[in-house]
Amino acid sequence: MMKKFFASIVMMLLAAPSFAQYSSGGFSLDETSLYYGVRFGMNISNFSGDVDADSKVGMTLAGIVGLRVSQSVPVFLESGLYYSGRGAKHLAANYLEIPLLIKYGFKATDDIAILPFFGPYFGLGIAGKADAEDGSKQSSFKNILSRGDMGFKLGVGAEYNMLYLEAGYQFGVTNALKVDEFSAHTSNVFINVGVNF
């Protein structure tokens with residue numbers, strides 16, 4: 001899986017010169033009012049709280065849409081639908097997520113825009129399982145984790161023409177466990193690549 005992930009990143013980077021034919025890329029800090037795009041990336045996730053486990057590597061796929069919310073400053077509101085494979089070692093948790101991010105853009109160079117972002121996300125657990133360390137038992141997602149997850153995402157993105165790269169951190173504020181006497185929150189470092197149109 002890691003080899004496929006890095007191969008995809010290399011292919012997108014090699015394709016970057018072909019994006020240069022577009023003068024404004026996916027959006028212009030001065031002109032664009034609406035943009036949309038796709039994201040593909042990697043998560044390194046775990047739980048904080050009463051769960052003691054090693055981190056797990058997962059995958060992200062997403063479609064996004066963004067809207068400029070001010071004519072005087074380059075502030076954007078971005079949302080979309082994300083599939084996110086998260087959890088921890090011996091505990092796989094797959095979520096659908098909808099973030100609501102505020103992005104502020106500024107030019108690093110004539111060709112590169114930097115976009116820090118922050119905002120809440122809302123997640124719904126759709127699948128997952130827990131394995132015993134010896135592999136002898138499995139429990140379904142619904143017996144261990146709450147379906148709903150809510151938290152915040154923060155990070156920074158960079159766009160060169162249509163090519164987009166971002167890295168950040170997200171943390172849950174709701175209890176991810178169904179067991180009342182224990183508490184844990186989702187925790188996730190992510191890096192995504194993509195294209196904005």
Side-chain angles (χ1 to χ4, degrees), residues 1-13 36-65 78-101 117-157 163-179 182-196:
M1 180 178 141
M2 292 298 294
K3 288 182 179 179
K4 290 181 180 179
F5 172 74
F6 287 115
S8 298
I9 290 179
V10 169
M11 289 177 62
M12 291 188 77
L13 292 175
Y36 55 96
V38 294
R39 302 284 184 265
F40 172 71
M42 179 180 72
N43 301 315
I44 302 174
S45 59
N46 208 330
F47 293 92
S48 60
D50 297 328
V51 174
D52 184 15
D54 294 330
S55 297
K56 174 182 173 60
V57 175
M59 183 179 67
T60 297
L61 292 170
I64 63 95
V65 61
E78 183 179 291
S79 188
L81 181 63
Y82 284 67
Y83 163 82
S84 181
R86 297 192 275 125
K89 189 175 182 180
H90 302 298
L91 202 168
N94 301 316
Y95 290 88
L96 292 178
E97 296 176 2
I98 297 176
L100 192 59
L101 305 176
F117 58 85
F118 177 78
Y121 73 88
F122 306 92
L124 176 67
I126 56 172
K129 63 182 180 179
D131 298 326
E133 292 188 12
D134 61 2
S136 61
K137 295 181 180 179
Q138 288 188 349
S139 296
S140 67
F141 185 103
K142 64 182 181 180
N143 294 330
I144 301 168
L145 298 176
S146 299
R147 291 283 185 188
D149 182 36
M150 178 187 168
F152 293 91
K153 298 180 78 167
L154 69 158
V156 63
L163 190 65
Y164 182 80
L165 172 69
E166 69 179 8
Y169 176 69
Q170 68 183 82
F171 55 95
V173 297
T174 57
N175 187 5
L177 299 180
K178 267 195 168 179
V179 184
F182 296 102
S183 177
H185 305 278
T186 58
S187 175
N188 185 42
V189 174
F190 61 87
I191 180 168
N192 295 323
V193 295
V195 178
N196 285 340

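We use all heavy atoms of the structure for the numbers below, so side chains are in, but hydrogens, waters and symmetry mates are not.
When all heavy atoms are compared, the tightest approach of Leu61 to Phe40 is CD2-CD1, 3.3 Å. Scanning both residues, Asn175 and Ala184, for their nearest heavy atoms gives OD1-N, 3.0 Å. Taking each heavy atom of Ala88 and Ala53 in turn, the nearest pair found is CB-CB, 3.8 Å. The minimum heavy-atom distance linking Gly80 with Pro99 is given by the pair O-CD, 3.6 Å.
By the side-chain contact (heavy atoms from CB on, under 4.5 Å) test, Asn43 is found to be paired with Thr60, Ser84, Arg86, Asn188, Phe190, residues two or more places apart in sequence or in another chain being considered. For Phe118, the side-chain contact (heavy atoms from CB on, under 4.5 Å) partners are Phe152, Leu154, not counting sequence neighbours. Not a single side chain to side chain donor-acceptor pair (under 3.5 Å) links Tyr82 to another residue, sequence neighbours left out.
Summarising the geometry, atom OG belonging to Ser187 is positioned 6.5 Å from atom CG belonging to Asn46; distances are rounded to the nearest 0.5 Å. Taken from NZ in Lys153 to CG in Leu100, the straight-line distance is 11.5 Å, to the nearest 0.5 Å. Separating the CG atom in Leu145 from the NZ atom in Lys178 is a distance of 9.0 Å, to the nearest 0.5 Å. With values rounded to the nearest 0.5 angstrom, Asp54 atom CG is found 12.5 Å from Ile44 atom CD1. To the nearest 0.5 Å, the span separating CG on Leu101 from CZ on Phe117 amounts to 6.5 Å. For the atom pair Leu124 CG and Ile98 CD1, the distance stands at 9.0 Å (nearest 0.5 Å).
Of the possible polar contacts, none joining the Thr186 side chain to the Phe47 backbone as a donor-acceptor pair under 3.5 Å is found. Under a 3.5 Å cut-off, the side chain of His185 and the backbone N or O of Thr174 do form a donor-acceptor pair.
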Determine, stepwise, if the pair Asn196 / Arg39 fulfils side chain to side chain contact (heavy atoms under 4.5 Å, CB included). CA-CA 9 Å; Asn196 285 340; Arg39 302 284 184 265; 2.9 Å; yes

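Residue Lys89 qualifies as open at atom NZ: its count of foreign heavy atoms under 6.0 Å is 12 or below. Within 6.0 Å of CZ on Phe182 lie no more than 12 heavy atoms contributed by other residues, nucleotides or ligands.
Side-chain polar atoms of Asp149 and Tyr121 form a donor-acceptor pair below 3.5 angstrom.
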